[in-house]
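Single-structure report; data block below.
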Amino acid sequence: MVWRSVMISRPARLRREHYSLAIDQEETAFVPFEDIAVIVLNHREITLTHPVLSACAEYGIGLFATGANHQPAGVFLPFLPHSRTTRMMRKQLGLGKPAAKQAWAALVRRKIENQAACLKLCGKEGMDRLASYARRVRSGDPDNLEAQAAAFYFAQLFGSDFNRAEARWTNAALDYGYAVLRGAIARGLVAHGLHPTVGLFHDSEQNAFNLADDLIEPFRPIVDLHVAKHPASTEGDLIPTDKQALVALLNVDVGMPQGRMSVLSAIEYAVESLVRVYEDESRQLHLPALIGLTAHRLEY
Amino acid sequence: MRLLVFFDLPMVTKAEKRAYVQFRKFLLNDGYDMIQWSVYGRILNGSDAEKKHLARLAENLPPEGSVRAMTVTEKQYAGMRLLVGMPLFQEKKVSAAQLVLF
């Protein structure tokens, strides 16, 4: 069970030693590859060796690279190491319309419910209206309640003058948080033999992560809640502590049918339930419920 | 929680030295850190991980000598008193936190 996220924000040299990631800075520290889920490279002066890259593929680690604007620009994913890749690919392409539409409706419903929970946790108005949107979601969401809910929700959460397209701190923080989630979900999909390109609802020819963009929806309000609760401490760009806090959201507790667990574990369970949808079209998706921002504790 | 492994191994014959080197190498490869000479520790995430790593340890034991293993919780480990000397860089840096920053 992978459980660690490693974030590197200072100059470093990464190499493989034994079965661990060796991080050379002033001193060297080692993290076993076996424990790592994601590595975020967040500094221009990081070098890494080829054995590190191949170890990431071997152990199914998602390796994120950030671009000049410090947003995650890409993710290195294993080359489909699953034993039944072709079988899953056929299942994905052959999924019936009704099953796909029902799965999409379940994702949208839970997303809107989580948006309502987010408003409640922030002490804002409007959760009744969102709850009513969530109840009205039909198979395939033909009324596009997802967009209606989002328009209402963002205005409630960040004020009526808020615009998702504008370049400002809130948007940068949301984009960063979503990008980290998206990569972690893409990693979970690949680890279970699913192809992130073939989506349930998202179907863009130019998007390599259609399925990740489907599954991310109910997870997004976790980022929204964090950003709403921790407004900018500086003007403009994100500062390193902002980014660390956004990556740390992978370890926040969410409610799953199996109980409370970290977002990283919830992604694994959600992907497993998605695999069952492909295998046998009658099953339910297991999706996370937003319950707050408490970090998951390994021991009590 | 932490799995701690303590050992004393005979180092007289060539075969004994070889067994020691192989055992130590196994520990490092399985993600243990050297806390002191002949005392190695590994962070575990839950009892499933404990079972897995104990089973691997059992498969890689040297034929002779004395090897002990003990699991302690993170709280117990953190309560360890350092009477002389300082914690290692590795110990300070790679704690049980789910997000590690470098």
Side-chain angles (χ1 to χ4, degrees), chain A residues 1-14 16-43 46 59 180 184 240-241 243-253 261-265 295-300, chain B residues 1-5 21-35 39-57 59-60 70-80 85-102:
Chain A
M1 189 75 182
V2 294
W3 53 283
R4 256 193 214 286
S5 327
V6 179
M7 185 169 178
I8 301 172
S9 309
R10 287 192 299 127
R13 196 177 110 81
L14 310 185
R16 180 179 184 160
E17 190 168 320
H18 297 293
Y19 292 80
S20 292
L21 172 69
I23 301 149
D24 293 336
Q25 288 172 332
E26 300 85 60
E27 288 185 77
T28 302
F30 300 91
V31 185
F33 281 117
E34 199 178 350
D35 299 344
I36 305 178
V38 295
I39 303 174
V40 183
L41 305 178
N42 196 16
H43 197 280
I46 298 169
Y59 289 89
V180 170
T241 50
K243 292 177 213 156
Q244 287 162 17
L246 287 162
V247 175
L249 292 178
L250 292 176
N251 305 317
V252 157
D253 261 337
M261 58 178 78
S262 70
V263 168
L264 269 176
S265 307
H296 185 73
R297 286 177 56 188
L298 298 174
E299 287 167 9
Y300 287 92
Chain B
M1 54 180 129
R2 302 256 177 170
L3 175 57
L4 300 176
V5 177
V21 169
Q22 282 187 337
F23 183 59
R24 188 186 121 86
K25 208 165 176 183
F26 155 74
L27 291 173
L28 293 176
N29 287 348
D30 202 35
Y32 290 78
D33 302 319
M34 191 180 86
I35 299 166
V39 180
Y40 287 66
R42 192 193 200 289
I43 298 179
L44 300 173
N45 179 23
S47 55
D48 286 353
E50 183 187 4
K51 279 190 208 110
K52 176 174 79 176
H53 288 286
L54 274 174
R56 278 192 204 162
L57 184 65
E59 269 173 33
N60 288 278
M70 176 166 78
T71 313
V72 296
T73 65
E74 232 16 67
K75 197 174 173 187
Q76 289 166 333
Y77 186 83
M80 177 164 55
M86 298 295 283
L88 304 170
F89 175 74
Q90 170 80 15
E91 271 178 287
K92 283 187 281 181
K93 213 55 193 172
V94 187
S95 63
Q98 291 162 81
L99 174 66
V100 281
L101 301 167
F102 287 95

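All chains are named by letter (A, B, ...) in the order of the sequence lines, taking the proteins before the strands, and each is independently numbered beginning at 1.
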Contact part of [X] toward chain B, heavy-atom cut-off under 4.5 Å: side chain, backbone, both or neither?
{"X": "A/Thr28", "value": "backbone"}
{"X": "A/Glu27", "value": "both"}
{"X": "A/Ile8", "value": "both"}
{"X": "A/Ala248", "value": "both"}

| Nearest heavy atoms of B/Arg24 and B/Tyr40, plus distance in Å |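 Between these two residues, the closest heavy atoms are NH1-OH, 2.6 Å.
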| message | Looking at every non-hydrogen atom in both residues, tell me the closest pair between B/Tyr77 and B/Ile35 and how far apart they are. | response |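 That closest heavy-atom pairing would be OH-CD1, 3.6 Å.
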| With under 30° as parallel and over 60° as perpendicular, where do the rings of A/Phe33 and A/Tyr59 fit, or are they tilted in between? |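 Parallel: the ring planes of A/Phe33 and A/Tyr59 meet at under 30°.
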| said: Could you go through B/Asp33 and B/Arg2, starting from their C-alpha distance and side-chain angles, then the distance that decides it, and tell me whether this counts as salt bridge (Lys or Arg N to Asp or Glu O under 4.0 Å)? | reply: CA-CA 11 Å; B/Asp33 302 319; B/Arg2 302 256 177 170; 5.5 Å; no
